[in-house]
Amino acid sequence: MDPQFQPLSSSTPEQPIKQVNPRRRLITIWIIAVVILVGLAILIGVLLQPKTSNQFGKIIRIQNYSQKINNLSNDMRDAMESSLYNVVKRNSDSSFDPTTVNDAMIRNNSDSQSFSSQTNVYSGNFIIDMASIKQSYQVQYAYSTDKANTDTGGSPVIISCLPKDKLIYGEFTCTDNVTQQSTANDAILAYLPYQSYDFSIKPDATKSDTLTLDVTLTIPDMDLSGDITSKQATVKMYKQEVVDWITLKAADPSKYTLQYNYDDNGNPIGQSQTGGD
């Protein structure tokens with residue numbers, strides 16, 4: 001073979017490795033880091049943004065609700081905070097947005113709760129204070145743990161104006177569904193809600209004509225196990241006890257619609273009647 005002619009190599013010559021500009025790499029990393037940080041900031045901002053609405057509409061968030069109230073569903077909290085928004089909206093200037101209130105607090109030592117094992121209903125009340133707008137209200141609630149029958153015999157949440165001696169920021173023009181149904185300073189409202197061994201009673205803000213009082217009679221099953229005459233006598237006795245209690249509080253039973261959880265024959269069906277029997 002002619003030494004002047006050497007066979008060509010079949011392998012491809014190695015390409016030189018490109019060197020990445022360190023400055024460009026640093027800029028790329030910095031841009032990625034900034035994008036991630038901005039994304040995290042946006043996400044955190046969304047998560048921390050005050051909640052202003054729920055399934056019932058706009059709300060005022062009760063800041064210490066979880067520390068004060070137990071045993072109720074999330075739906076009950078939604079109903080309370082939506083009702084609070086509505087009553088503040090009613091009692092504020094039309095240009096004011098109640099969702100901006102961020103200091104709604106349950107007043108210390110104002111909250112109470114009871115449970116009826118016969119009706120499976122939690123009943124309670126508390127006072128809510130809002131220093132920023134100098135308003136306070138009474139909140140009453142009833143919550144049934146019986147999923148098959150969630151009816152508590154009236155409004156699950158009632159928010160009403162407080163008597164003057166309980167206003168810590170001074171007086172303000174206050175109206176609510178309950179006071180619109182009754183005369184100012186109605187004698188019975190100062191004692192509600194009320195619960196004894198034989199019955200519980202609370203105002204119902206869903207009616208528009210007269211003040212309706214929801215009455216839950218706590219009648220043992222054995223007292224309703226007799227004939228129809230015996231049942232009627234038992235129910236009449238319990239209802240008369242309610243009328244007597246209202247009268248004892250210097251109020252006129254005929255002014256109210258008493259909505260019982262038993263009819264006159266002892267059947268557990270809600271039936272309204274005005275005044276006593």
Side-chain angles (χ1 to χ4, degrees), residues 51 53-57 59-87 104-128 137-160 176-178 191-207 212-225 231 234-235 238-239 241-242 245 257-263 266-272:
K51 187 177 180 182
S53 64
N54 62 30
Q55 58 182 312
F56 299 112
I59 68 169
I60 293 178
R61 196 72 168 173
I62 301 174
Q63 301 301 318
N64 60 343
Y65 180 95
S66 299
Q67 290 75 44
K68 294 287 188 179
I69 308 299
N70 299 311
N71 305 312
L72 308 183
S73 68
N74 291 332
D75 286 350
M76 280 298 295
R77 177 173 185 171
D78 286 349
M80 289 182 195
E81 293 180 333
S82 178
S83 297
L84 181 59
Y85 169 91
N86 291 333
V87 75
M105 302 287 289
I106 296 173
R107 185 182 299 180
N108 287 334
N109 303 318
S110 72
D111 52 305
S112 64
Q113 187 182 86
S114 60
F115 178 72
S116 170
S117 58
Q118 289 195 322
T119 60
N120 294 318
V121 171
Y122 281 101
S123 299
N125 62 85
F126 56 84
I127 293 175
I128 198 81
Y137 297 94
Q138 177 80 36
V139 180
Q140 303 169 50
Y141 61 85
Y143 170 65
S144 174
T145 59
D146 184 355
K147 303 304 180 185
N149 180 23
T150 58
D151 183 18
T152 59
S155 299
V157 177
I158 297 175
I159 298 184
S160 54
D176 57 48
N177 288 340
V178 174
Y191 301 99
L192 300 179
Y194 173 80
Q195 183 166 5
S196 70
Y197 181 79
D198 293 331
F199 67 90
S200 62
I201 184 169
K202 64 189 176 96
D204 184 350
T206 62
K207 310 300 187 296
T212 297
L213 303 180
D214 289 318
V215 183
T216 300
L217 303 177
T218 310
I219 307 177
D221 291 340
M222 61 179 297
D223 289 352
L224 292 174
S225 59
K231 291 180 180 179
T234 297
V235 172
Y238 274 79
K239 289 185 177 181
E241 185 176 344
V242 173
W245 179 85
T257 297
L258 304 182
Q259 182 168 277
Y260 294 102
N261 62 324
Y262 284 97
D263 66 17
N267 299 311
I269 302 174
Q271 178 175 323
S272 297

Inset, instruction - Any chance you could lay out the side chain to side chain contact (heavy atoms under 4.5 Å, CB included) test for Ile159 and Leu84, step after step, and finish with the verdict? - result: CA-CA 7 Å; Ile159 298 184; Leu84 181 59; 3.9 Å; yes

Inset, instruction - Decide yes or no on side chain to side chain contact (heavy atoms under 4.5 Å, CB included) for Thr218 and Tyr197, but give the supporting numbers first. - result: CA-CA 7 Å; Thr218 310; Tyr197 181 79; over 6 Å; no

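A distance of 5.0 Å separates OH of Tyr122 from CZ of Phe115, quoted to the nearest 0.5 Å. With rounding to the nearest 0.5 angstrom, the CD1 atom of Ile128 is 8.0 Å from the OG atom of Ser110. Atom OH in Tyr65 sits 11.0 Å away from atom CG in Asp111 (nearest 0.5 Å). One finds the CD atom of Gln140 at 11.0 Å from the CE atom of Met80 (value rounded to the nearest 0.5 Å). We find the CD-CZ distance between Gln138 and Arg107 to be 9.0 Å, quoted to the nearest 0.5 Å. Atom-to-atom distance recorded for Ile106:CD1 and Asn64:CG is 5.0 Å, nearest 0.5 angstrom.
No donor-acceptor distance shorter than 3.5 angstrom exists from the side chain of Ser200 to the backbone of Tyr194, with no hydrogens or angles considered. Judged by distance alone, with hydrogens and angles left aside, the side-chain atoms of Ser83 form a donor-acceptor pair with the main-chain N or O of Ala79 at under 3.5 Å. The closest donor-acceptor contact from the side chain of Arg77 to the backbone of Ile62 lies under 3.5 Å. Remark: side-chain polar atoms of Asp146 are not paired, donor with acceptor, to backbone N or O of Asn120 under 3.5 angstrom.
Counting heavy atoms from C-beta on, the side chains of Ser73 and Tyr143 come closer than 4.5 Å. Considering only heavy atoms from C-beta on, Ile219 comes within 4.5 Å of Val235 through its side chain. Using a 4.5 Å heavy-atom cutoff, the side chains of Asn267 and Tyr262 are not in contact. The shortest side-chain heavy-atom distance between Asp198 and Leu217 does not fall under the 4.5 Å cut-off. Between Ile158 and Pro203 there is a side-chain heavy-atom pair separated by less than 4.5 Å.
Remark: the Gln195 side chain and the Ser114 side chain contain an N/O donor-acceptor pair separated by less than 3.5 Å. Using modelled atom types and a 3.5 Å distance limit, the side chains of Lys202 and Asn125 yield no donor-acceptor pair. With hydrogens and angles left out, the side-chain atoms of Tyr141 and Gln113 include a donor and acceptor closer than 3.5 Å.
With ring centers used as reference points, Tyr260 lies 6.0 Å or more from Phe199.
Taking every heavy atom of both residues into account, Lys68 and Asn109 meet most closely at NZ-N, 4.5 Å. Minimum interatomic distance between Leu72 and Met76 (heavy atoms only, all atoms of both residues): CB-CB, 4.1 Å. Between Asp223 and Thr234, the shortest heavy-atom distance links the atoms O-OG1, 3.3 Å. Taking each heavy atom of Gly57 and Ser82 in turn, the nearest pair found is N-OG, 4.3 Å. When all heavy atoms of Ile60 and Ala104 are compared, the closest pair comes out as CG2-CB, 3.8 Å.
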